[in-house]
K.L.:
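Pasting in a structure now, in structure tokens, and then I'll have a few things to ask.
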Amino acid sequence: MHLRGPVASISDVEDTPGDRRTVTIRPDKGRSDPVAVDLLGKWTETAAVLDPGMEVAFYDLEDGDPWLADRSATVVVEPDVVVDVTDIREWVQCPRQYYLDKLTGTPLAYPVVKGTIVHEVFGDLLRGIDSEAAVERRVHEAGLELGLLDKDAATVRDDVSDHARAIEGWLAQGSLPDGGQQFAPAESEWRSEITLIDERLSIKGRADAVRRGAPVELKTGKNTRREPRFEDKIQATAYALLLSGGDREAAPDTGTLLYTKNAAVERTEIGGDLSPAKDFSIGDGLMRFVIRARNEIAAMEAQRAIPTGEEADATCEYCFEQDTCMALAGRLDQHSKAGAVGKALPSAEREYVDEFYDAIEAERHAIHSSFTDLWEQSADDRADADRALVDLDPCGRTQRDDGRWELRARSTGAISKIREGDIVLASDGDPVGGSAELARVERLGGSPADASGEDADGTDASEDAADVIVTTDEPLDLCRLDIYPSDIGVDRMLTAIHDAVLARPPERKDVLFERRAPSFEDVDATFVPNNDAQDRAVRRAVAAEDCALIHGPPGTGKTYTLARLVDALVERGERVLVSAFTNRAVDTAVEAIRERGVSVVRMGTESGVSEPVADCRLDPAGDPDERAATLREADVIAATTATCGSRVMREQSVDVAVIDEAGQLTEPGALAAIALADRFVLVGDHHQLPPVVQSDPDAGATLSRSLFERLIDTYPEAGVMLTKQYRMAQRIQAFPSREFYDGRLRPADGETAAQQIADLASVDAAALPAHLRRRVAFVDPDGDDEGAVNPREADTVEEIVAAYRAAGVPDESIGVIAPYRAQVAAIERRVPESITVDTVDRFQGSSREVIVLSFVGTGSLDGPIFEDYRRVNVALTRAKKALVLVGDREALESDPVYARLVEWAD
DNA sequence: TCTCTGCCTAGAGGA
């Protein structure tokens, strides 16, 4: 019998305290009567971490009243929280270490980098790659990190080769009894690097390797004892559980831990035991221990509690994290088993850390809930929500030279959020129960003809004509792709809070905590002769001793001003970091900076960096010394804020961080860049789109307000607003200027102000209907919305676009904006592919001569998308010469702001 | 009721 529901109460059973606890839950989402379950034996430890209101799931209960959870049952606390295997491992070492690791992240350290390389080589060996070639390539790929650690390639290759030999020796030993030949990985026997998710236990992880169904875990550190380390056994046991789909009876009964450093040491020093492998048996008790540890983590996350370390039996004096642990306890005035050192932060700072910690964890929870969609939603629902591509038709696979597999399939042409370069879960159709692999999307969409024509490696793709291509470590039938939620973004927000608040001296945080207004030195220079506001903005930013704020409404030359500023800073000998939330924004800034003759080192992934600036991207592969020197000596480094939180970037320091599109950044997001710099300049517009936050509005409120907005409210004198706009005709600009910018926005010159559609050389204005000749028009097609789609409006948009095209407006000058993706898709089906149709959010940052805006909503305007005036502002300010609003008059007039909008446009 | 970008993913080790 299985039961699930929120906990109503927990109580000891009187006769047998400690041995038995009664937990009552309300199944059926809490609507039905409470049901009692008695937890026996070790499960009482899980009962001890429960609080009323927490969700709990029971599997395989014994019949009775109350139901009995004995040793054959399984208890899962907060099943919606998906816990990582490595988190369980750390928690078992010390619960506080789990917390410290979340907050401080992993620093750039040689043993970690080497460990990663050895693991990659291990995978290569299992895939049949030659050892020497694998070592050579993997060390080459880690060039930048090794260089920053002052390691040279030859030394590292020797180091890694020692481990590789130990692995090969063991692999050869394992195959001796069978045939006595050199090791050759048999397909059915071995699998490398498997991604595992279990819906029952809500645990996920990635096993190094699986041999004959049993987990093999590689450890490159030292283990001087005869026995495997307990936490290593826990890790391998967790993988054993995942391999059996949470069914403990079916789980493999042994696991193998491969301590490669031991083998190297033993061979040279004592020449003894050549086998680095230690097998251990996986019993039911160990597996239940793993589940209880997982439950403790889930319960603590639900309570947002901070572990003290007392929960564990670990000895603090032998712990590597002791210093960090004590320092953090001191700063945050926490109790910790190791004790505390140093002075506590002022209470305002502690409250700030607490508030953001909670908000970031709520965000993590929201991301995790999309994980449980993987098994709670049907494939069709996931496809409808754009979170999966289903019904793929597998049509080929090849193993590449590097051992990885290229899988090909034909798609149904459906739309999803999955894009090229993304890491997704590829599966045979069942991502949880079936066979699934983490995959990288190499190609998506495009006509199959393209796919067949240009395969650089000479694969004959013509017979399969695939439009979906992914790469994986192991082959499978490619039938489905799912978005794989990642919490790396929240991880980096947390480390940014640590770096910017916990690890910084107090005086560097005065402005952030509003204890002192920003100060400025005297700078007497002219930077932009023909634009007074831009000139003042650059001067203010150059003069800033703490921070400056540049407020740039649409079309006001924000990017130019930013580039001019970076140029001026470099001229003064400063080292500058240029950052923004999106790759697109970073690349736009980089292009403008390079146009001024300033060279930039762009950090980021190959798929993230756009083509025009790809030549200045720092490829991490290469000679360590040379790679590190390029980064260390760069005057200007450009990276997204997420990359600023990477372990390579956290090692860098700069004089000034210049952050673009700052209105779109959460406060911790901005801190990731600010933490690397002495001073910072935020460039943005808080009247355009705010940060994207997934948690619900209550929990997300803390993250929804950008640092830019907070500082511009607190220190208006630190900001300069750019007021001359070079984009819109005066008629178009009038409403947004009045409504959102206190009427301060004005056209840069008469030509900008007076521009109209007839100015375009190719246009015959006489061919246009009268209302489309105007700069602003309103059309009410009298349609009906069906949720997020309004077909009549889509038809009207089609007619308007056709009219402009017929009059000679080039396709690339026309843009169509709709609030919902569904409406975007409906319009896309009606207009030529060469016309850009997109959501407001995706249109931010660009503009067109003509913009057609479809509002969709009819009747009344309820829908949060319309509540945010910032979204409307963005939509209205994309047009240069003509703006056509298509919407339901009655609905729009029900809201005062929209009523004024209609009046203006009509 | 809906908008949605980052980050290769997790896990790499230190006595």
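Numbered from 1 within each chain, the chains take letters A, B, ... in sequence-line order.
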K.L.:
Are OP1 or OP2 of B:dC7 and a side-chain N or O of A:T640 less than 4.0 angstrom apart?
P.N.:
yes
K.L.:
What nucleotide, of B:dT3, B:dG11, B:dT5, holds the atom closest to the side chain of A:T116?
P.N.:
B:dG11
K.L.:
Counting heavy atoms from C-beta on, name the nucleotide in B:dG11, B:dT5, B:dG6 closest to the side chain of A:Q694.
P.N.:
B:dT5
K.L.:
Just to be sure I understand the rule, does A:T106 reach a base, reach only the sugar-phosphate, or reach nothing, if contact means heavy atoms closer than 4.0 Å?
P.N.:
base
K.L.:
If you measure from the P atom in B:dT5 to the same atom in B:dT1, how many Å do you get, rounded?
P.N.:
23 Å
K.L.:
Figure out the CZ/C1' separation between A:R602 and B:dG6, and round it to whole Å.
P.N.:
11 Å
K.L.:
Once you apply a heavy-atom cut-off of 4.0 Å, does A:R89 come out as touching a base, just sugar-phosphate, or nothing?
P.N.:
nothing
K.L.:
Below the 4.0 Å mark, does B:dT5 have OP1 or OP2 next to a side-chain nitrogen or oxygen of A:R842?
P.N.:
yes
K.L.:
So, does A:R584 get its side chain near the phosphate of B:dG6, meaning an N or O under 4.0 Å from OP1 or OP2?
P.N.:
no
K.L.:
If you measure from the P atom in B:dA15 to the same atom in B:dG11, how many Å do you get, rounded?
P.N.:
23 Å
K.L.:
Looking at A:Y820, I'd like to know whether one of its side-chain N or O atoms comes within less than 4.0 Å of OP1 or OP2 on B:dC4.
P.N.:
no
K.L.:
Is the shortest heavy-atom distance from the side chain of A:R206 to the side chain of A:L196 under 4.5 Å?
P.N.:
no
K.L.:
Classify the side-chain pair A:K219/A:Q235 by whether it contains a donor and acceptor separated by less than 3.5 Å.
P.N.:
yes
K.L.:
In whole Å, I'd like the distance from the CZ atom of A:R229 to the P atom of B:dG14.
P.N.:
7 Å
K.L.:
Under the rule for side chain to side chain donor-acceptor pair (under 3.5 Å), what residues qualify as partners of A:H687, not counting sequence neighbours?
P.N.:
A:Y869
K.L.:
Say whether A:D232 and A:Y259, considering side chains only, have a donor N or O and an acceptor N or O under 3.5 Å apart.
P.N.:
yes
K.L.:
Classify the nucleic acid contact of A:R870 as base, sugar-phosphate or nothing, counting any heavy atom under 4.0 Å across all strands shown.
P.N.:
nothing
K.L.:
Taking atom P of B:dA10 as reference, at what distance in whole Å does atom CD of A:E217 sit?
P.N.:
15 Å
K.L.:
Under 4.0 Å between a side-chain N or O of A:K417 and OP1 or OP2 of B:dT3?
P.N.:
no
K.L.:
Going by modelled atom types, is there a donor-acceptor pair between the base of B:dA12 and the side chain of A:R647 at under 3.5 Å?
P.N.:
yes
K.L.:
Would you say the side-chain atoms of A:T471 and A:R404 include a donor-acceptor pair closer than 3.5 Å?
P.N.:
yes
K.L.:
Can you tell me the distance, in whole Å, between the CG atom of A:L425 and the P atom of B:dA10?
P.N.:
10 Å
K.L.:
Specify the separation, in whole Å, of atom CG of A:D473 and atom C1' of B:dG11.
P.N.:
14 Å
K.L.:
With Watson-Crick and G-U wobble geometry limited to distances under 3.5 Å, how should the secondary structure of DNA chain B be encoded in dot-bracket form, using | for bases paired to another strand and [ ] for crossing pairs?
P.N.:
...............
K.L.:
Tell me whether the OP1 or OP2 atom of B:dA10 has a side-chain N or O from A:K204 closer than 4.0 Å.
P.N.:
yes
K.L.:
With sequence neighbours left out, what residues match A:R419 under side-chain contact (heavy atoms from CB on, under 4.5 Å)?
P.N.:
A:D422, A:R842
K.L.:
Just checking A:D422: base, sugar-phosphate only, or nothing, at a heavy-atom cut-off of under 4.0 Å?
P.N.:
nothing
K.L.:
Determine the Euclidean distance between corresponding P atoms of B:dC8 and B:dC4; express it in Å to zero decimal places.
P.N.:
22 Å
K.L.:
Pick the P atom in B:dC2 and in B:dG6, then give their distance to the nearest Å.
P.N.:
24 Å
K.L.:
The side chain of A:D101 is closest to which nucleotide in this list: B:dC7, B:dG13, B:dG11?
P.N.:
B:dG13
K.L.:
Say you pick atom P in B:dG14 and the same atom in B:dA10; how far apart are they, in whole Å?
P.N.:
23 Å
K.L.:
Could you check whether A:E145 pairs with A:R647 (Lys NZ or Arg NE/NH1/NH2 to Asp/Glu carboxylate O, under 4.0 Å)?
P.N.:
yes
K.L.:
Report which part of the nucleic acid A:D491 touches: base, sugar-phosphate, or nothing (heavy-atom distance under 4.0 Å, all strands).
P.N.:
nothing
K.L.:
Taking atom types as they are modelled, would you say the side chain of A:E437 forms a donor-acceptor pair with the base of B:dT9 within the 3.5 Å cutoff?
P.N.:
no
K.L.:
Round to a whole Å and report the spacing from CD of A:E120 to C1' of B:dT9.
P.N.:
12 Å
K.L.:
Answer yes if the side chains of A:T640 and A:T643 hold a donor-acceptor pair under 3.5 Å, and no otherwise.
P.N.:
yes
K.L.:
Looking at A:T195, does any N or O in its side chain come under 4.0 Å of the phosphate oxygens OP1/OP2 on B:dT9?
P.N.:
no
K.L.:
A:Y259 has an atom OH; how far is it from atom P of B:dA12, in whole Å?
P.N.:
12 Å
K.L.:
In whole angstrom, give the distance that lies between atom CG of A:L689 and atom P of B:dC4.
P.N.:
10 Å
K.L.:
Of the nucleotides B:dC4, B:dT9, B:dG11, which one has an atom closest to the side chain of A:Y484?
P.N.:
B:dT9
K.L.:
Just call it for A:Y239: base, sugar-phosphate, or nothing, with non-hydrogen atoms closer than 4.0 Å on any strand.
P.N.:
sugar-phosphate
K.L.:
When you measure from the side-chain N and O atoms of A:T582 to the phosphate of B:dT5, is any distance below 4.0 Å, counting only OP1 and OP2?
P.N.:
no
K.L.:
Should the pair A:K151-A:D159 be classified as a salt bridge under the 4.0 Å nitrogen-to-oxygen rule?
P.N.:
no
K.L.:
Looking only at side-chain atoms of A:H119, point me to the closest of B:dG6, B:dG13, B:dG11.
P.N.:
B:dG13
